[in-house]
There are 2 protein chains.
Amino acid sequence: MLRPTVKDIAKNAGVSLATVDRVLNGRPGVRKSTIDAVFKTIDEIGYVRDVGAANLARRREYKLVFVLADGDSQSSAAVENKINEIISGPSTERTVLEVIKAPEGDLHKVANILNSLRKKNYDGVAIMAPETPLVRDAILHLKEAGVSVVTLVSDIPDSGRDHYVGIDNVAAGRIAGFLMSRFLGQQGGKVLVTSGSMRLRDSVERRLGFDSYILDKNQPVNALATVEGHDSIEILTNAVSNALLLHPDIRGFYSVGAGIPALLALLRGTERMESAIVIAHDLTPQTREGLENETIDAVIAQNVGHMVRSAIRVLKAVSDGSQIDPAQELIRIDIVLKENLFNWS
Amino acid sequence: MLRPTVKDIAKNAGVSLATVDRVLNGRPGVRKSTIDAVFKTIDEIGYVRDVGAANLARRREYKLVFVLADGDSQSSAAVENKINEIISGPSTERTVLEVIKAPEGDLHKVANILNSLRKKNYDGVAIMAPETPLVRDAILHLKEAGVSVVTLVSDIPDSGRDHYVGIDNVAAGRIAGFLMSRFLGQQGGKVLVTSGSMRLRDSVERRLGFDSYILDKNQPVNALATVEGHDSIEILTNAVSNALLLHPDIRGFYSVGAGIPALLALLRGTERMESAIVIAHDLTPQTREGLENETIDAVIAQNVGHMVRSAIRVLKAVSDGSQIDPAQELIRIDIVLKENLFNWS
DNA sequence: TCCTACATGAGTTACGTACCTCATGTCTAT
DNA sequence: ATAGACATGAGGTACGTAACTCATGTAGGA
């Protein structure tokens, strides 16, 4: 038979349309027993709400905002581009998207922005920001105000966020460990791990995963202490230079976060570049170029388009309390090599 | 301002609602100059049709059918499972899905099935079948009958299909070549390429890509002639056995299509298993297990869930002549290792 | 017994679009 | 000049749901 409608519920349950409507939309004035009866019929006849018609009727518009505030301008730029692509693209189904960028490194500003959002009755907020107590509190407040919240790329646990949209960074680090081991071969060697800043949770988790793989598998890889840039290219460059002098026998480089251009600049031209294995995270113009000219051997990435679309879907679903498809929302860890680079846009 | 509606078009263009409607839905009885004027205003005010409302009004139901007819029961089983998951899942948005499986290897049957679909007024057909003249003609006839058609997993060019939903198999083969070279290391070695059947276009293309990588990059890899199973496990087993006897120094195995269980059964227990590199295609229960117990080193896969959803989206879009988002419909080549196996469901 | 609180029914309007009918206006060919 | 063809306007109904009003029914407490 045709797809059942509210009328079918009313008929089968022996109640009026108005009562069905009250039950479906959680309005008061219905006896418990009647509510149960209605739900029972819904189950029996297999009614599913026509979301299109419902949205039409309630003139629903989802107001969503992306707050981008991580230190690494490259990866948040990729996210921003994707959002703008979606905004300007066709078929923005009852969704109004907005992007707010926080000045790099200013974490008080981030919290202020989040707090200011409470008053503007947004339906959902997607946050890409370092994990700090201020930010965590701001998220808690947003949740109290009834706003849906997801964290993007880097999770902020215990903040009450509804969902984390991004890859499992520990697992990503393990994959880096696997690739590094394989690419270095049986002889293994020293590996330098670099990071733009270890303040972002994802960097820390990736390093953790990398080490745990090396340890678990008992690989002949000697991973040196993380060289950190503290959000400054200069500091990173100096630190890497020192490490290179100190360890002339480094055979591999693993960049867990930003700072790949600085690293490549130091390596370029040296005879080390030829033989060294370089593994990085996130597809940016720089890492893309690195893959193309074979200065980078592998990039561990996440599909930014999928992430942004997933964030939107999840925020909408949380907003109207409907289910999400976990399989569809799982962000996969992608391994990008020169050979499948064309696959990513 | 609010999202513009047909009324806004009418007002701004200085015509009546009826005329706008005639233009939008391509009905006759409108002067060319008026049509142009209407489209001009649509452009100016940025009107986009509310698909939800439109579908509601036209009581549209998309009747789609998946015809699965490849020889490899494993990979079509994965597709079938995904479809059933979607069917039984929530929110089947005005879409009626159906699956028709053709008996393995019976290609006349496949063509018959496709031809019989013409009468049943389906909106779209997704086909996963070998490329034969009969099948190609059947697709041409379907297109003539106004049915949307996409090919799945393995393309059928020159059939007039609207879209191919699947990975670039030549590129997938190249990636296999890259991984094989890397994993074998500088010493290289002999590689046996196996295939359940070379009748499927994807197998041929993968082999092609594999060879072209080895050749282009001048790798020390010696890829032997493809050992084919002609859709029979027994034949494949015998052929592989012979090859193993003939070449005791094989260091790598690349399975471009079905038949991985037979291959692993032969290798298991031999000392060769320890050192040999095995690369396969498609995540099936068998390849998954192989990754887990480390008998398989890498699997080149395609996200089946994404493929099925993409096929549905594309068929719908073609059916009502709307645009698709190429970036969203691009099926990526996934590299699955033991370390990121958990990512795939 | 009557009043009140609450449960329910009946009905209406709106959302944006599709599709239909009927009336009227305008131009062209004869 | 007039018929006929064609272009357009005006208006209605329907789709499935949300949100509302108003009337009626019923049970329990005073």
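Reckoned from all heavy atoms, side chains included, excluding hydrogens, waters and symmetry mates. Letters A, B, ... mirror the listed sequences (proteins, then strands); counts begin at 1. Small disclaimer: the values here were computed from a predicted structure and weren't measured.
The side chain of Arg27(B) has dA18(C) as its nearest neighbour among dA18(D), dT8(D), dA18(C). Distance from the side chain of Asp50(A) is smallest to dG16(D) among dA18(D), dC19(C), dG16(D). Candidate nucleotides dT8(C), dG16(C), dT17(D) were compared by shortest atom distance to the side chain of Ser16(A), and dT8(C) ranks first. Listed nucleotides dA14(D), dG9(D), dA18(C) differ in distance to Asn25(B); the shortest reach to its side chain belongs to dA18(C). Comparing dG9(D), dG16(C), dA18(D) by their nearest atom to the side chain of Ala54(A) picks out dA18(D). Distances were taken from every side-chain heavy atom of Val6(B) (C-beta onward) to each of dT17(C), dT8(D), dT17(D); the shortest belongs to dT17(C). Taking every side-chain heavy atom of Thr5(B) into account, dG16(C) is the closest of dA19(D), dG16(D), dG16(C).
Rounded to whole Å, the distance from CZ on Arg49(B) to P on dC15(C) is 20 Å. The distance between atom CZ of Arg59(A) and atom P of dA19(D), rounded to the nearest whole Å, is 9 Å. In this structure, the CZ atom of Arg58(A) is 15 Å from the P atom of dG16(C), given to the nearest Å. In this structure, NZ of Lys32(A) is placed 19 Å from P of dC6(C), rounded to the nearest angstrom. Distance Arg3(A) CZ to dG16(D) P: 9 Å, rounded to the nearest Å. Distance CG (Leu56(A)) to P (dT17(C)): 9 Å, rounded to an integer number of Å. Rounding to whole angstrom units, CG of residue Leu17(B) and C1' of dA14(D) are separated by 16 Å. To the nearest angstrom, P of dA18(C) lies 14 Å from NZ of Lys7(B).
A side-chain donor from one of Arg118(B) and Asn115(B) sits under 3.5 Å from a side-chain acceptor of the other. Side-chain atoms of Gln302(B) and Asp282(B) form a donor-acceptor pair, as typed in the model, at a separation below 3.5 Å.
For the helix from dT1(C)-dA30(D) to dT30(C)-dA1(D), the angle separating the two terminal helix axes comes to 40°, with each axis derived from five pairs and the value rounded to 10°.
Residues Asp123(A) and Lys316(A) are not paired through a salt bridge, judged by the lack of any N-O separation under 4.0 Å between the basic side chain and the carboxylate. The pair Asp162(B)-Lys143(B) meets the salt-bridge criterion, with a side-chain N (NZ, NE, NH1 or NH2) lying under 4.0 Å from an Asp/Glu carboxylate O.
Taking the side-chain contact (heavy atoms from CB on, under 4.5 Å) definition, one finds that Asp325(B) meets it with Arg309(A), Ala327(B), Gln328(B), sequence neighbours left out.
Between atom CG of residue Leu315(B) and atom OH of residue Tyr62(B) there is a gap of 11.0 Å, rounded to the nearest 0.5 Å.
Residue Asp21(B) is in base contact, counting any heavy-atom pair closer than 4.0 Å across all strands shown. At a threshold of 4.0 angstrom between heavy atoms, the contacts of Gly26(B) with the nucleic acid are absent.
Annotation: of the two residues near DNA chain D, Leu24(A) and Ser33(B), the 5′-most nearest-nucleotide partner is Ser33(B).
Arg161(A) forms no cation-pi arrangement with Tyr164(A), by the criterion of a distance under 6.0 Å to the ring centre and an angle within 45° of the ring axis.
At the phosphate of dC6(D), neither OP1 nor OP2 sits under 4.0 Å from any side-chain N or O atom of Arg31(B). For dA7(C), neither phosphate oxygen OP1 nor OP2 lies less than 4.0 angstrom from any side-chain nitrogen or oxygen of Thr34(A).
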Protein within reach of the bases, or only the backbone? For nucleotides 21-28 of chain C, mark each nucleotide 5' to 3' as B, S or -, using heavy atoms under 4.0 Å.
--------
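Within the 4.5 Å cutoff, side-chain heavy atoms of Val15(A) are placed close to those of Val20(A). In this structure, Leu117(A) and Ile100(A) have side chains that are in contact, with non-hydrogen atoms separated by less than 4.5 Å.
A 6.0 Å sphere centred on NZ of Lys63(A) holds more than 12 heavy atoms belonging to other residues, nucleotides or ligands.
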